[in-house]
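Contents: one structure, followed by commentary.
Heavy-atom basis, side chains included; hydrogens, waters and symmetry copies ignored.
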Amino acid sequence: MTTSPLLDATGVAKNYGAVAALRNASLSVLPGEVHALMGANGAGKSTLVKILTGAIHADAGRVLIRGETRDIRSPAAARRAGLLPVYQEPSLIPDLDVLSNLRLTGTPVEPFRAWVRELGIPDLDLRDTARDIPLAVLRVLDLARALAVEPDVLLLDEMTAALPANLAEKVLEVVRRQGDSGRSVIFISHRFVEISALCDRATVLRDGETVGVVDIVPGVEEKIVELMLGARIVKTKMAARPTGQAASTAASRPRLSVRNLRVGTKLNDVSFDLANGEVVGVVALEGQGQDELFAALAGSIRPSGGTIEVDGQGVKFTHPSDAIRAGIAYVPGDRTEALAMQRSVHENIALPFSAALRKWGPIRVHKERTVVASAIARLQIDTRAQGEVQRLSGGNQQKVTIARWIAANARTILCFDPTRGIDVGTKQEIYKLLRELAGLDKSVLFYTSELEEVQRVCDRVIVIFGGQVVDIFPVEEADEPALMRAAYGLPRGVTADVGILADPTSHPSQTPEAAP
Amino acid sequence: SAEGKYTIGISNTVQGNGWREEMICAMKAQALASGEVTKLNIAHRNTDAAGQLEDIRNLISAKVNAIVVNPADPAGIKAGLEEATKAGIVVVAVDQAVTEPSAYIISNNQEQYAYLGAKWLFQQMGGKGEVFYMRGAAGASADSDRDKGFKKALAEFPDVKVAQEVFTGWQQDQGKQQILSFLATGAPFNGIWTSGIDNVIVDALVESQAPLVPVVGADNAGFVGQLSSVKGLVGAAVTNPGSIGGAGVTLALQILNGKKPAQQTVLVEPQLWENATEEGKAKLKAAADPSLSPEWPVSISIPDWTTYTKEQIVACKGPGE
Amino acid sequence: MSSSATMPQPVSFGRRVKRFMADRPLVPLIILLILLVVILQILRPGIVNERWIANTIKFAIPLAILAGCQTMTMLTGGIDLSVGTVATMSAFIMATQIVSQDPVVAFLLAMMPAVLIGLINGIGVGVFRVHPLIMTLGTSLIGTGCLQVYQRTVIASGAKIPDFLNWLGTGLTYGFPNALLLFVPLAVLIVFTLRRTGFGRLLYAVGDNERAARLSGVRYWQVITALYVISSLLAGITGLLYIGLIKAPSLSLAEPLVLPSVAAAVIGGTSIFGGRGGYTGTIIGALILTVLTTLLTILQMPEGARRILFGLIVLFVTAAYLRIVEER
Amino acid sequence: MTRFFRNQGWVAGLFALFLALFVLTKLIQPGYGSGDFGSLVRAVLPYAFAVAAQTVVVIAGGIDLSVAAMMALTSVTAASMMNGASEEYALFVVPFVLAMGLVLGALNGILIVVTRVPDIVVTLATLFVLQGAALLVLGAPGGAAAEWLKASIVGTLPIPGLPDSIDAWVPKALVLLVVCLCIIWIPLRRSKLGLSIYAIGSSELAAFRSGVPVARTRIIAYALSGLFAAMGGLALTMSTGIGAPIPGPYLLASVAAVVLGGVALGGGKGGLLGPIVAVFVLRLVRTDLTLLAIDPNVTAIIEGAIMVAVVMFGAFITIRGRPAGAMP
Ligand SMILES: Nc1ncnc2c1ncn2[C@@H]1O[C@H](COP(=O)(O)OP(=O)(O)OP(=O)(O)O)[C@@H](O)[C@H]1O
Ligand SMILES: Nc1ncnc2c1ncn2[C@@H]1O[C@H](COP(=O)(O)OP(=O)(O)OP(=O)(O)O)[C@@H](O)[C@H]1O
Ligand SMILES: [Mg+2]
Ligand SMILES: [Mg+2]
């Protein structure tokens with residue numbers, strides 16, 4: 001290559017006590033390049049981004065910017081050097097309004113406004129307090145704030161993970177144009193579609209080390225996966241759905257039956273059934289009421305109308321513990337909402353055991369240890385840093401949130417975007433797990449922001465738009481274009497004229513290929 | 001003789017201490033017994049000079065006829081007292097002096113209090129040896145006045161040394177812990193002077209089977225009882241009557257009725273009751289009152305100044321209650 | 001996955017010591033305690049004898065129990081500033097009621113305000129979400145006022161310290177303070193509760209992430225109400241023990257213990273922000289503070305200088321301790 | 001408009017409460033007039049500065065337990081320096097004492113940043129240190145204040161063009177308070193520094209990642225707190241004419257007023273106006289209790305109950321006011 005790199009990091013290492021987050025990472029980004037940073041959960045991607053942007057200090061390593069050694073000691077210094085990150089977690093100040101947030105970082109307002117519009121949010125009020133803005137929008141604002149100062153290198157850590165498809169689309173578009181205009185982007189994502197659509201090259205990390213740099217060409221995905229996982233080959237092909245077993249569900253009573261559910265103004269009229277042994281997908285654009293649906297089913301908020309029946313019995317949840325008693329567990333998409341970050345993996349998994357008043361007494365240590373250990377094994381949680389959950393990587397934290405309910409043996413699991421920010425290997429494990437749960441006659445309600453997941457996991461899909469169920473697909477008709485159209489509230493094409501209560505048992509024998 | 005015609009305001013800045021509680025009760029009882037007071041307006045809380053200024057000004061707003069005040073600081077409330085006098089309110093300071101010249105003062109003589117007790121103690125010690133000096137709260141004006149008296153006595157006995165000087169903060173637990181720590185050091189000492197944290201000190205000596213050296217304290221019910229009941233204990237109680245509050249009310253009423261005292265300042269001289277002589281023992285016997293809370297001083301009345309009965313002060317009811 | 005822990009790494013002796021202490025955070029605290037005792041012994045040779053130790057323990061116990069209240073409330077991100085008032089109320093009521101009542105009745109009467117204040121605190125914090133600092137401060141003001149009103153009604157009847165409390169508070173058996181008979185089971189119970197019971201686990205979880213606890217089915221108000229009632233009960237028991245030790249009921253008996261109890265919990269490694277800490281450290285913290293107080297009493301210096309030294313030492317100890325523990 | 005009410009509703013409510021109390025006061029004591037209002041403001045003065053000192057650090061996500069001790073130290077320093085000195089000398093004393101507050105406050109901040117010990121512990125330690133220092137400066141209450149200083153909070157400020165009847169309601173103390181607070185607060189609130197203080201209180205991590213110099217901002221917040229506390233200390237000396245080394249009841253009062261004033265103890269929210277109005281409310285309640293000649297022991301109960309009730313009420317309306325369907 002003739003051009004010299006804009007950013008060149010070599011031999012970066014970072015230890016957290018006994019855990020080596022990075023051991024020997026290197027990354028070289030050319031001007032005008034969209035460069036993917038890839039790796040399994042816990043490979044050290046976020047850590048590298050934090051080091052490059054001065055949020056933490058490396059133990060070793062050298063960073064050159066335009067050929068000059070720069071010691072980036074603080075985010076402000078990184079900003080001056082032209083490096084701007086969008087971290088995995090939103091970094092707007094929650095109690096300040098957007099305008100003040102802009103002033104704080106010295107971001108020019110007009111360009112910011114333009115970018116926000118460009119990124120698909122036309123009606124942002126700059127006087128809104130950040131705390132009141134939904135997560136997905138916050139991520140976009142973070143990005144717009146970075147774009148507004150026209151950075152030389154933009155570092156996006158799983159920018160698209162929490163975004164609904166429509167917003168993600170816009171982000172990709174904008175990022176692509178960054179590359180075209182001579183600026184570089186470091187792009188972290190677990191979604192291969194995005195990588196291949198967007199990136200020029202990819203650096204692959206494994207266990208804190210750079211194990212390869214590849215050009216993105218068609219078909220390179222296999223190689224990347226190989227590099228990413230090393231010896232840990234993707235052995236988990238999609239488990240075939242046993243057809244016979246699901247058949248019984250149609251006959252019996254539904255596990256969960258929702259009728260005309262309303263929550264405030266967000267959720268207007270939702271009705272559907274969830275059978276035993278069934279995985280029902282929920283597809284919706286950002287903010288169509290899916291959050292409220294899940295929260296209401298989890299007992300987290302009170303619905304303002306409609307009925308919920310569990311096993312044919314009408315229920316009213318006033319607190320999540322009511323839902324849990326009815327066997328319904330909720331896995332929120334935002335893991336900071338679900339985990340006690342300073343506590344151990346073990347305690348986090350065992351937390352529901354002690355919740356009820358009658359379980360406040362002595363803990364049956366041995367029994368508990370067995371249950372927890374088996375849940376950890378089941379989800380293959382990387383327990384190197386298990387003393388405190390906050391030291392786990394994002395993906396492993398996500399697994400803990402699910403493991404908790406596996407251990408508690410919940411009959412119905414409400415998964416809100418459980419694969420958000422999870423690497424391909426782990427995603428497969430989670431798909432498999434959900435199918436296994438279904439096999440054990442448990443039922444799963446599964447919201448996902450990645451449409452392709454629907455095909456892999458669900459028996460049926462309900463599409464929510466404007467707080468209403470606009471369509472229900474059997475899985476075999478739920479291809480991405482159809483789902484997308486429905487999610488935007490467009491009527492279904494003539495070809496897909498199947499009854500709403502299509503028989504979910506008539507599965508095609510075809511199973512989608514494992515990723516990539 | 002007449003039905004009540006005056007309202008009297010009271011300001012006090014230490015709450016939850018037996019001595020001050022007795023002072024307040026004496027004020028109430030005296031106001032009731034005098035029959036001349038329709039209403040007492042009491043500001044009674046833990047605060048500093050600035051807070052007391054606030055209370056005094058509130059009392060001025062309430063248009064009381066007289067204010068009886070136990071000053072948080074002699075100089076710090078001068079402005080407020082001056083404003084009160086200007087508003088035609090009679091001001092009487094009790095327990096401690098104030099610097100405002102227009103105010104009348106009826107007070108226990110704190111310097112004399114310390115001097116009297118210390119002198120007796122040093123005599124008991126035979127004019128030599130080590131004394132454990134347990135003061136009150138660091139920075140309090142009553143404490144520094146007493147320190148003056150103590151130092152005066154000390155100067156008269158050149159062979160008496162201070163083994164250790166501590167501030168009890170007038171808190172019982174702290175005093176007890178300090179004496180126990182001191183005892184544990186095994187350092188020799190021949191007498192203890194305390195600024196009113198006395199009965200816990202005797203307890204500590206007894207519990208740890210330490211030699212019972214002479215102890216000087218105040219006339220708190222607990223300590224006075226111990227002086228008669230604890231075998232082998234030699235000690236003296238110096239009176240520091242909380243009933244001075246009743247005297248303050250009497251003085252205020254006298255002034256309101258046009259009977260001004262000859263001087264602005266009336267000092268109530270402390271007495272010393274010791275158990276080394278038969279005469280002293282008799283005084284102690286007469287004074288002891290086990291029915292009182294151990295923190296209350298036993299001298300619940302002051303001859304010539306208070307007219308209430310014991311029942312009245314113990315009931316702690318003011319006019320209209 | 002390979003773990004970096006297996007990487008050959010030359011580890012210096014100093015680092016190993018630090019690592020060792022970080023894994024056992026009690027060790028540096030105990031070392032510090034011993035250090036203080038040694039300094040005391042050097043300053044006043046012969047002071048550290050059986051009597052002194054018994055004495056120190058006697059005074060450390062009430063502080064340690066109140067610090068236990070702080071530890072537990074701090075685990076949930078709270079604080080209980082009403083413990084001083086509650087202890088004082090129980091002590092005062094016990095001492096005055098025993099004169100005319102059956103001991104059991106007097107005991108029940110003495111514990112009543114503890115339960116009541118604990119309940120109000122718990123409901124205020126747990127249901128109405130009032131900040132614990134404000135809530136407990138408010139109830140302690142209210143409690144003090146009530147105690148003063150009560151005091152006037154009993155002033156005529158006098159007060160008495162029950163013999164049993166006297167024995168418990170000041171007595172020694174084979175050189176050991178009798179108070180240990182109360183304290184040891186209590187301490188074991190608290191440690192066990194925090195480590196091995198569902199309730200203890202919920203305290204940590206609620207303090208760490210209340211929303212997560214809620215989503216796991218934990219009812220916040222139940223946990224918090226139970227917690228503050230327990231804290232108040234402990235404070236009430238401390239009051240009874242303390243009156244046996246001091247033997248003079250007053251209206252501000254246990255107030256001076258409140259700030260030190262917070263300091264003891266903090267020195268013992270409990271995070272004031274919740275989710276982190278334990279009771280064993282707190283016990284050592286209480287001992288350290290008690291010894292420190294003795295040390296400063298012994299030093300012949302002006303009161304002002306003594307306070308300065310006290311503040312500096314507390315700060316230094318906490319900072320050093322944090323450094324060591326962070327090494328993990 | 002709705003946004004204004006959402007943000008300022010609490011302050012507006014407090015202000016209404018103050019007015020209602022004022023009317024009540026007039027009913028209790030029809031003679032309550034401008035002179036009495038002047039007394040109220042003078043009583044408010046030290047509390048107001050204490051609460052300002054507390055507000056700044058609470059907004060920055062901290063707490064300052066050393067406020068009252070800082071006031072005591074600056075007060076005794078000022079009083080002892082002015083003792084026996086000329087009137088003009090006070091012109092030098094005032095800036096010196098203010099600078100001292102600023103520096104000592106900054107020291108608080110530096111200790112917090114450097115030792116990484118929680119602020120509540122650091123300021124607890126400095127509370128003892130400052131108290132000790134105050135005792136070293138003046139062993140007992142004493143000292144003096146320049147006459148012009150004392151006069152500067154007595155009486156009213158004649159404003160040209162204003163009728164006397166209105167003028168009488170503008171006590172000098174109020175003018176002094178407003179000027180001192182506004183000179184610092186308004187420019188601060190508008191500056192990037194002010195934003196940064198809110199930012200670190202709201203989310204330290206997010207602030208750091210937004211490029212806010214967290215350590216420096218925290219130190220400045222504590223320095224400002226020290227400055228306000230020094231003003232409070234001066235106010236004490238001005239009103240009493242002396243300095244007292246034992247801290248007054250300003251610490252707990254400041255925390256209570258901060259919370260009553262709508263500043264979240266977690267940080268990042270609220271302003272200075274609310275807590276200041278809260279101080280006025282609390283002082284006026286005190287006045288009313290005195291005017292009503294309520295049993296003094298009951299006043300403690302009432303003050304505690306008001307504090308708890310108002311905060312509970314606040315919590316109650318926030319729970320109720322939460323839009324339906326919002327995530328709790
Ligand atoms: N503060 C910390 N303390 C201890 N260990 C940490 C800490 N932060 C990160 N780690 C460890 O460092 C490793 C790399 O974490 P990092 O967050 O960089 O992973 P990642 O590649 O971004 O993963 P993901 O895709 O799940 O977000 C993980 O093993 C994690 O447990
Ligand atoms: N303390 C515990 N330790 C480990 N596992 C537990 C514990 N408590 C409950 N579980 C597991 O969680 C699941 C559901 O528990 P739940 O309390 O709802 O059932 P349960 O019938 O009440 O249990 P039990 O009969 O053991 O009290 C069970 O699989 C149980 O084994
Ligand atoms: Mg990451
Ligand atoms: Mg991730």
Please name the pair of heavy atoms, one in [X] and one in [Y], separated by the smallest distance, quoted to 0.1 Å.
X	Y	value
A:P320	C:L215	CB-CA, 4.2 Å
C:R219	A:D322	NH2-OD1, 2.8 Å
C:A212	A:R404	O-NH1, 4.4 Å
A:A338	C:N209	N-ND2, 4.4 Å

Side chain, backbone, both or neither: which part of [X] has a heavy atom under 4.5 Å from chain C?
X	value
A:A350	both
A:T336	backbone
A:L339	backbone
A:Q390	side chain

*asked:* Please identify, among A:R343, A:R325, A:M341, the residue contributing the most non-hydrogen atom pairs under 4.5 Å to chain C.
replied: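 The option with the most such pairs is A:R343.
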
*Does A:H319 offer a backbone N or O that forms a donor-acceptor pair with the side chain of C:R214 under 3.5 Å?*
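Side chain of C:R214 to backbone of A:H319, a donor-acceptor pair under 3.5 Å: no, none is there.
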
*If you measure from CH2 on A:W405 to OG on C:S216, what distance do you get to the nearest 0.5 Å?*
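Answer rounded to 0.5 Å: 5.0 Å.
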
*What is the distance from atom CD of A:E347 to atom CG of C:D208, rounded to the nearest 0.5 Å?*
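Those atoms lie 9.5 Å apart.
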
*C:V223 versus chain A, heavy atoms under 4.5 Å apart: side chain, backbone, both or neither?*
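Interface part for C:V223: both.
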
_Crowding at CZ, C:F192 (>12 non-hydrogen neighbours, <6.0 Å)_ =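 Yes - once you tally the heavy atoms of other residues, nucleotides and ligands closer than 6.0 Å, there are more than 12.
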
*Can you check whether anything in residues 193-202 of chain C gets within less than 4.5 Å of chain A, heavy-atom wise, and list it by number?*
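Residues C:R196, C:T197, C:G198, C:F199, C:R201, C:L202 are the ones that qualify, each having a heavy atom under 4.5 Å from chain A.
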
